[in-house]
**Q** 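First the structure, then my questions, so here it is.
Bear in mind the structure is a predicted one, so any value in this text is a computation, not a measurement.
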Amino acid sequence: MASSLQINVLGRFEARSTSGEVVDFNSKKAVALLGYLAAEARHAHAREELASLLWSRMGDERARHNLRQTLSKIRACSDSLLIASGESLAIDQQSCSVDVIEFEKLARANEPESLRRGLDLYSGDLLEGLTLREPAFEEWLIPARARIRQTACKTADKLVQLLVAADRTEEAIDTLHQRLAMDPACEPAHADLMKLFVRLGRRSDALRQYQACVEALQRELDAEPSAETKSLYASIQRMEAGSENADNVAGTGAVAPATQERPTIAVLPFDNLSGDEDAYFVDGIVEDLITALSRFSTLVVSARGSSFHYRDAAIPDRQVANELGAQFLVRGSMQRAGNRVRINVKLLDTASETHVWAGRFDRELEDVFAVQDEITSTLVSILAGQVEAARLANIRKASPERLDAYDVLLRGKDHHHRFTAEDCRTCIDLFERAIDKDPNYALAHTWLACGLGQAMVFNPDDKSQLMDRSEAAARRGLELDENESECHRILAQICLSRGNLKRSLWHQERALFLNPNDDRSVCAMGEIFSFLGRHDEAEEWVRNSMKLNPYHPERYWTHLARPLFHLGRYQEALEALDHIGRLRADDHAYRVASLARLGDVDTCNMAVADLLKQNPDFNVESFAELLPYDQADDRKTLVDALRLANVGQSQSDSAGMSQTR
């Protein structure tokens, strides 16, 4: 019986004793259970949760029985591998070593040797090759693999930057090859390799790397390299011909990330107003909040160790903020009564000594961890938005010339969200100013792309030119920081506008992997699914985004109305559209189409009049062709409903729905 083990869950599962002997658990479910506990080792897990995860299609009693049998198999191999606390289980990190736990710790380092050791631990995807056909487990495993793979990619990127700065070029090249093994379609990594090869005089290798880039992008994304990468390739070709200097091509190697003055937030331990038995629940929410907020590139989040140092400390908020270097503090409390829990949360701006936001959550504790996840996801979305709003309120009156790039960007976003022609012009100007202040600021390029995309609405005659400028700006942002979720989110919208749903979905999935709690990305996934014809999934995604952010923009109702219309739930579609204060052309169109299908002639005719008043030249076929539907039947469903309402007749007095059909 092994008393101490090395557990490897990155790549194919393996367990070895300290003497090197392989330990065979002889059970896929045992491997899956250990993999889950290893990857989610930040807190213990209830037996009921584990039983539901691995035996979701069985009754509760049968699932619990199977869990007990699996635990017996594990303990037969190592009786000290797991620790139990009441009804909860966790891996005992004192009696075993787990590669993924050590990997995630080393990935947070800032010196090359630790980062290299961390990358060496990443032998492949989490639990590679394991398939269970258990829906709940697969729903966890797929995003968990993506999250850990993304951590490995970020670790490689950080290591490359440090190695290049230390003039350790050969090591940087090896690391970039490792990076491409994780994500062959990572265009910036291909470009960096080309530059480093040129730096070493290996121009033939640089040219071959470009061909590898072309093939990978075509194979993985059905795309071609960006204009910048093509330009780099052309420069290397000219250098081969002796017409260009190598220094102009090699540059500085890897792209350095932009540094910005970002607001800092610290989530302090919540007050536990119940008994000690609920401490795990309160701390779990705080830890998850810290982790999730850290995924927002616009925030700097104090580490858990720093924040938890102030547990039960009678220190004024201003002093805590000064010691942590934080402008914003999150405080909260939790009280449990029977099967109900109440959580109060407040966001404090210590610079102005004001309460920015406060909220309360009352929930039934049918599933402790489901409630924990729900509250965390909602809080993250709200807090990130409130911090930005508070920062914006302080800078709105200042002259743009006095603001740094980040604050200029915030002001531009404020105008962008107002959605008028004048505000659109202003936001583009501000985004360009932010780029002038910091040309390597990825988010500024990304939001410029978004502003140019909005300009298409107000300047339809220039749509093609604006679309090209928008895509170029977004791709520049992605080249500067390929791990910026905003870049992927906006590129997804650009690809959607171009009708390339495959690439749109790819970028949107990347955005969600990078920041799964961004309600805008969750809603955008619903929008893409609706145009793919997956209307049930679209509705679910949009409703989830509304749960994440109760203060969501009105536009979310548009993305909900569309799948409801195609699902034949016309009254619900109308109710969704009723939440919108100022309807756009597509809102009017889906309203008319829903009313036509319901046979509400008088209301439908009034809706047609509203549509034509706002868009006198509205044409059904032209409008429908602009929508990026993947399924011809979906486009036909909308067109048929609008024709039923007689929209866009040649004479205005003939427009509208006839009383007899």
Side-chain angles (χ1 to χ4, degrees), residues 110-120 122-124 149-150 152-258 439-440 442 445 472 475-484 487 510:
N110 290 305
E111 50 92 18
E113 282 64 39
S114 293
L115 294 172
R116 167 50 58 200
R117 291 203 309 274
L119 272 183
D120 288 343
Y122 186 77
S123 302
R149 187 188 312 123
Q150 197 62 49
C153 289
K154 288 183 178 181
T155 303
D157 294 340
K158 190 194 303 187
L159 178 57
V160 167
Q161 291 160 11
L162 292 172
L163 292 172
V164 169
D167 203 25
R168 295 161 63 176
T169 307
E170 290 286 2
E171 293 176 70
I173 288 174
D174 291 341
T175 304
L176 283 167
H177 281 304
Q178 194 172 357
R179 174 71 169 85
L180 288 172
M182 303 175 202
D183 182 4
C186 177
E187 187 175 352
H190 285 286
D192 285 346
L193 264 176
M194 292 165 67
K195 294 176 186 177
L196 293 180
F197 281 140
V198 169
R199 177 182 291 192
L200 295 178
R202 296 163 56 182
R203 293 190 291 271
S204 296
D205 287 337
L207 295 174
R208 279 193 291 271
Q209 193 62 47
Y210 176 77
Q211 295 303 324
C213 175
V214 171
E215 293 168 7
L217 290 174
Q218 179 63 39
R219 181 179 66 251
E220 302 289 332
L221 301 178
D222 192 22
E224 59 182 34
S226 66
E228 286 78 7
T229 305
K230 290 179 179 177
S231 176
L232 173 62
Y233 174 63
S235 295
I236 298 172
Q237 286 183 310
R238 288 195 297 272
M239 190 175 61
E240 281 280 80
S243 60
E244 182 148 352
N245 191 303
D247 291 339
N248 296 334
V249 177
T252 58
V255 177
N440 291 325
H445 290 277
R475 292 202 175 281
R476 178 57 181 156
L478 197 61
E479 287 169 3
L480 290 168
D481 186 357
E482 67 170 54
N483 293 320
E484 174 52 64
C487 295
R510 291 293 285 261

**Q** With no hydrogens and no angle check, is any side-chain donor or acceptor of Ser231 less than 3.5 Å from a backbone partner on Ala227?
**A**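 The answer is no, because no donor-acceptor pair under 3.5 Å joins these two groups.
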
**Q** Measure the CD-OG1 distance between Gln150 and Thr155 for me, rounded to the nearest 0.5 Å.
**A**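 Rounded to the nearest 0.5 Å, the CD-OG1 separation comes to 10.0 Å.
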
**Q** Any side-chain to backbone donor/acceptor pair from His445 onto Ala472? Under 3.5 Å, distance only.
**A**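 Judged by distance alone, no pair lies under 3.5 Å.
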
**Q** Measure the CZ-CG distance between Arg199 and Asp192 for me, rounded to the nearest 0.5 Å.
**A** 10.0 Å

**Q** Answer yes or no: is there a donor N or O on one side and an acceptor on the other, between the side chain of Glu187 and the main chain of Ser226, under 3.5 Å?
**A**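 Indeed, once roles are kept as given, a pair shorter than 3.5 Å links the two residues.
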
**Q** Ignoring hydrogens, what is the shortest heavy-atom contact between Leu196 and Ala172? Give both atom names and the distance.
**A** CD1-CB, 3.9 Å

**Q** Taking the side chain as C-beta and beyond, is there a heavy-atom pair between Leu159 and Arg168 under 4.5 Å?
**A** no

**Q** So, for Ala442 and Leu480, which heavy atoms are closest and what is the spacing to 0.1 Å?
**A**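 Closest heavy-atom pair between Ala442 and Leu480: CB-CB, 3.9 Å.
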
**Q** Apply salt bridge (charged side-chain N to carboxylate O under 4.0 Å, His left out) to Arg116 and Glu113, showing your working.
**A** CA-CA 5 Å; Arg116 167 50 58 200; Glu113 282 64 39; over 6 Å; no

**Q** So, using salt bridge (Lys or Arg N to Asp or Glu O under 4.0 Å) as the criterion, who are the partners of Arg202 when residues are at least two apart?
**A** Glu170, Asp205

**Q** What do the steps show when you test Val160 against Val164 for side chain to side chain contact (heavy atoms under 4.5 Å, CB included), and what is the final call?
**A** CA-CA 6 Å; Val160 167; Val164 169; 4.2 Å; yes

**Q** Using side-chain heavy atoms (C-beta onward) and a distance below 4.5 Å, is Leu163 in contact with Asp174?
**A** no

**Q** Measure the spacing between CG of Asn110 and CD of Gln161 and express it to the nearest 0.5 Å.
**A** 11.0 Å

**Q** Work out which heavy atom in Ile236 is nearest to a heavy atom in Arg203; give both atom names and the distance.
**A**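 Heavy atoms of Ile236 and Arg203 come nearest at CG2-O, 4.2 Å.
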
**Q** Please name the pair of heavy atoms, one in Leu180 and one in Cys186, separated by the smallest distance, quoted to 0.1 Å.
**A** CD2-O, 3.7 Å

**Q** Ala152 and Leu119: which non-hydrogen atoms are nearest, and at how many Å?
**A** O-CD2, 3.6 Å

**Q** Between Pro225 and Leu217, is there a side-chain heavy-atom distance shorter than 4.5 Å?
**A**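 Side-chain contact under 4.5 Å: yes.
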
**Q** Does Arg510 reach the side chain of Asp183, with side-chain heavy atoms less than 4.5 Å apart?
**A** yes

**Q** Is the shortest distance from a Lys or Arg side-chain nitrogen in Lys230 or Glu224 to a carboxylate oxygen in the other one below 4.0 Å?
**A**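 So Lys230 pairs with Glu224 through a salt bridge.
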
**Q** Nearest 0.5 Å, please: how far is CE in Met194 from OH in Tyr233?
**A**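 Output value for this atom pair is 8.0 Å.
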
**Q** Would you call Pro184 and Arg219 a side-chain contact if the rule is heavy atoms closer than 4.5 Å?
**A**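 They are in side-chain contact.
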
**Q** Is the shortest side-chain heavy-atom distance between Thr175 and Leu115 below 4.5 Å?
**A**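 The answer is no, as the side chains (C-beta and beyond) never meet within the 4.5 Å cut-off.
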
**Q** Does a side-chain heavy-atom distance below 4.5 Å link Gln209 with Ile173?
**A** no

**Q** How long is the span from the SG atom in Cys213 to the CG atom in Leu193, to the nearest 0.5 Å?
**A** 10.0 Å

**Q** Work out which heavy atom in His190 is nearest to a heavy atom in Ala216; give both atom names and the distance.
**A**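 Where His190 meets Ala216 most closely, the heavy atoms are NE2-CB, 4.1 Å.
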
**Q** What is the distance from atom CD of Glu479 to atom CG of Asn440, rounded to the nearest 0.5 Å?
**A** 11.5 Å

**Q** Determine the interplanar angle of the His177 and Phe197 rings, folded into 0 to 90°, and report it as parallel if under 30°, tilted if 30 to 60°, perpendicular if over 60°.
**A**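 Answer is tilted, since the angle falls between 30° and 60°.
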
